[in-house]
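Inspection log for the structure reproduced underneath, given as structure tokens.
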Number of protein chains: 2
Amino acid sequence: MIQNLNEHQKEDLQEALAHGGQKVTPQREVVYAVLLAKRDHPTVDEVFQRARESMPGLSLATVYNCLETFVGCGLVRQVNHERESTRYCPNLAPHAHFRDESTGRVHDIELPDHVLTTLRSLLPSGFETEAIEISFHGHTKNSRNHTSN
Amino acid sequence: MIQNLNEHQKEDLQEALAHGGQKVTPQREVVYAVLLAKRDHPTVDEVFQRARESMPGLSLATVYNCLETFVGCGLVRQVNHERESTRYCPNLAPHAHFRDESTGRVHDIELPDHVLTTLRSLLPSGFETEAIEISFHGHTKNSRNHTSN
DNA sequence: GTGGGTGTTTAGAATGATTCAAAACCTCAA
DNA sequence: TTGAGGTTTTGAATCATTCTAAACACCCAC
Ligand SMILES: [Mn+2]
Ligand SMILES: [Mn+2]
Ligand SMILES: [Zn+2]
Ligand SMILES: [Zn+2]
């Protein structure tokens, strides 16, 4: 079901891992491939289920480990909504998330630079931002397909 | 330690609860008073500790219940940062949160209307927003006192 | 090729915030 | 006085995540 990584993606993975002195492993490849295959912000458990289709022996702990490693490398982002299970996103462009309450689905919302600039300008002096998280929640009316991928 | 609610605050509480067909109780008064007394975005447990000073028999479950009720009434907001314990905020003005990684403290950042308008304008048609959450995280340099209250 | 050393994976146990269940309690109106 | 309905309390249950320790895999020096 899940495609293997192409050369370009393999390179990205290898390079990102190398930064933190870490290596490519079969498990990491599978987990990364799962994230790229369907960019629907899966939970750890969803990643686990999908990854097991190509690697049945894979353990949940490893999925946690891989994802944590990727986040550390800046390869993927964690997405949290309230107290729900953490979801993962391989979209590296600056973007916000929209959580549809009816379906539970999470959609990427592109963020123009000027918005981030404006937001940073709201901070009192002395506040140094490392990251800004923006998340919407609501519903998506009709408008046929909002499929993430 | 914690002041009682003044008349105005009591009225706000009573009115907000009435909306959901709920009543003022001594426990709810104490919990609400704790939130107003120190607007430092306490966790449930912190609220619990503080509330027990004026009402020793109070239980943790009740604190959870009260806070959930308040959120339902729109009296207070939940504040989540990554997977940390939920914090509570009685500031009803639209605002974002800045989480200082070094101290763990959470600061309110005022949000001008135009920022929210701009953000909403980023959504594709068909997306209906119910709420927008904005949270910064980083560090606060020198700049003496960033005490929330 | 053999034996470590190092980082990775695995299974299962532990943790901890939150939720749930059921009994005790209160308030108010009949 | 009784009883219904909502609230509080205690303790147990849940469940995502983290931790622990043992098994593995890879690499290099001998
Ligand atoms: Mn590239
Ligand atoms: Mn008022
Ligand atoms: Zn995303
Ligand atoms: Zn706040």
Side-chain angles (χ1 to χ4, degrees), chain A residues 13-14 16-34 41-52 54-73 75-88 99 104 106, chain B residues 13-14 16-34 41-52 54-73 75-88 99 104 106:
Chain A
L13 177 60
Q14 134 75 40
L17 287 170
H19 268 215
Q22 278 145 126
K23 301 188 218 147
V24 177
T25 67
Q27 289 85 347
R28 284 170 180 168
E29 284 189 354
V30 169
V31 171
Y32 190 48
V34 164
H41 305 88
T43 61
V44 175
D45 224 74
E46 286 164 344
V47 172
F48 181 47
Q49 304 304 339
R50 295 177 197 175
R52 274 219 283 202
S54 20
M55 184 181 272
L58 184 69
S59 78
L60 179 59
T62 298
V63 175
Y64 273 100
N65 292 340
C66 292
L67 291 170
E68 180 184 49
T69 301
F70 296 163
V71 171
C73 294
L75 249 192
V76 312
R77 283 173 52 183
Q78 281 187 315
V79 180
N80 289 293
H81 266 92
E82 330 242 297
R83 301 234 96 229
E84 294 181 1
S85 316
T86 300
R87 296 173 176 277
Y88 291 83
R99 165 102 206 295
V106 175
Chain B
L13 175 61
Q14 134 75 39
L17 287 170
H19 267 214
Q22 278 145 127
K23 302 186 216 149
V24 176
T25 67
Q27 289 86 346
R28 286 171 179 168
E29 285 190 354
V30 170
V31 170
Y32 189 50
V34 164
H41 304 90
T43 60
V44 174
D45 224 74
E46 286 164 344
V47 172
F48 180 47
Q49 304 304 339
R50 294 176 198 176
R52 275 220 281 204
S54 21
M55 184 181 274
L58 184 68
S59 78
L60 179 58
T62 297
V63 175
Y64 273 100
N65 292 340
C66 291
L67 291 170
E68 179 184 49
T69 301
F70 295 163
V71 171
C73 295
L75 250 192
V76 312
R77 283 174 52 183
Q78 279 187 314
V79 180
N80 289 291
H81 267 93
E82 330 241 297
R83 299 235 96 230
E84 295 181 0
S85 315
T86 300
R87 296 174 175 277
Y88 291 82
R99 163 100 206 294
V106 175

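Values below: every heavy atom of this structure, side chains too, minus hydrogens, waters and symmetry copies. Each chain gets a letter, A, B and so on, in the order its sequence line appears, and its residues count up from 1.
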(message) If you assign B:Lys23 and A:Arg28 each to the DNA chain C nucleotide with the nearest heavy atom, which residue ends up on the more 5' nucleotide?
(response) A:Arg28
(message) Go nucleotide by nucleotide along DNA chain D from the 5' end; which of B:Cys66 and B:Arg83 gets its closest nucleotide reached first?
(response) B:Cys66
(request) Starting from P on D:dT17, measure out to CD on A:Glu84 and report it in whole angstrom. (result) 11 Å
(message) Quick check: closest heavy atoms across B:Glu46 and B:Arg87, and the distance to 0.1 Å?
(response) OE1-NH1, 3.5 Å
(request) Using atom CD of A:Gln27 as one end and atom P of D:dC24 as the other, report the distance to the nearest whole Å. (result) 14 Å
(message) Any base atoms under 4.0 Å from A:Thr25, or only sugar-phosphate, or nothing? Heavy atoms, all strands.
(response) sugar-phosphate
(request) Using whole Å, report how far CG of B:Leu58 lies from P of D:dT7. (result) 15 Å
(message) I want to verify a distance call: between C:dC20, C:dA17, C:dT10, whose nearest atom is closest to the B:Tyr64 side chain?
(response) C:dA17
(message) Can you measure B:Asn80 atom CG to C:dA17 atom C1' for me and round it to whole angstrom units?
(response) 11 Å
(request) Using a 4.0 Å heavy-atom cut-off across all strands, classify B:Ser59 as base, sugar-phosphate, or nothing. (result) base
(request) Would you kindly give the CD-to-P distance between B:Glu29 and D:dT8, to the nearest whole Å? (result) 11 Å
(message) As a test of reading the structure: which of C:dT10, D:dT17, D:dT7 is closest to the side chain of A:Ala61, going by heavy atoms?
(response) C:dT10
(message) Measure CG/B:Leu67 against P/C:dA17 and give the value in whole Å, please.
(response) 15 Å
(request) Find out whether A:Phe48 and A:Val34 are in side-chain contact, i.e. whether some heavy atom of one side chain is under 4.5 Å from a heavy atom of the other. (result) no
(message) Can you give me the closest heavy-atom contact between B:Leu17 and B:Lys23, atom names plus distance?
(response) CD1-O, 3.4 Å
(request) Give one of base, sugar-phosphate or nothing for B:Asn65, where a contact means two heavy atoms less than 4.0 Å apart. (result) base
(message) What is the distance, to the nearest angstrom, from the CZ atom on B:Phe48 to the P atom on D:dT8?
(response) 14 Å
(request) With heavy atoms under 4.0 Å as the rule, sort A:Ser85 into base, sugar-phosphate or nothing. (result) sugar-phosphate
(message) What is the separation between atom CE on B:Met55 and atom P on D:dT7, rounded to the nearest whole Å?
(response) 15 Å
(request) State whether B:Arg99 and B:Glu82 are salt-bridged, where the test is any N-O pair (Lys NZ or Arg NE/NH1/NH2 against Asp/Glu carboxylate O) under 4.0 Å. (result) no
(request) Give one of base, sugar-phosphate or nothing for A:Thr86, where a contact means two heavy atoms less than 4.0 Å apart. (result) sugar-phosphate
(message) Run the side chain to side chain contact (heavy atoms under 4.5 Å, CB included) test on B:Asn80 and A:Asn80 for me, step by step, so that the C-alpha distance in whole Å, both residues' side-chain angles and the decisive distance to 0.1 Å come before the verdict.
(response) CA-CA 9 Å; B:Asn80 289 291; A:Asn80 289 293; over 6 Å; no
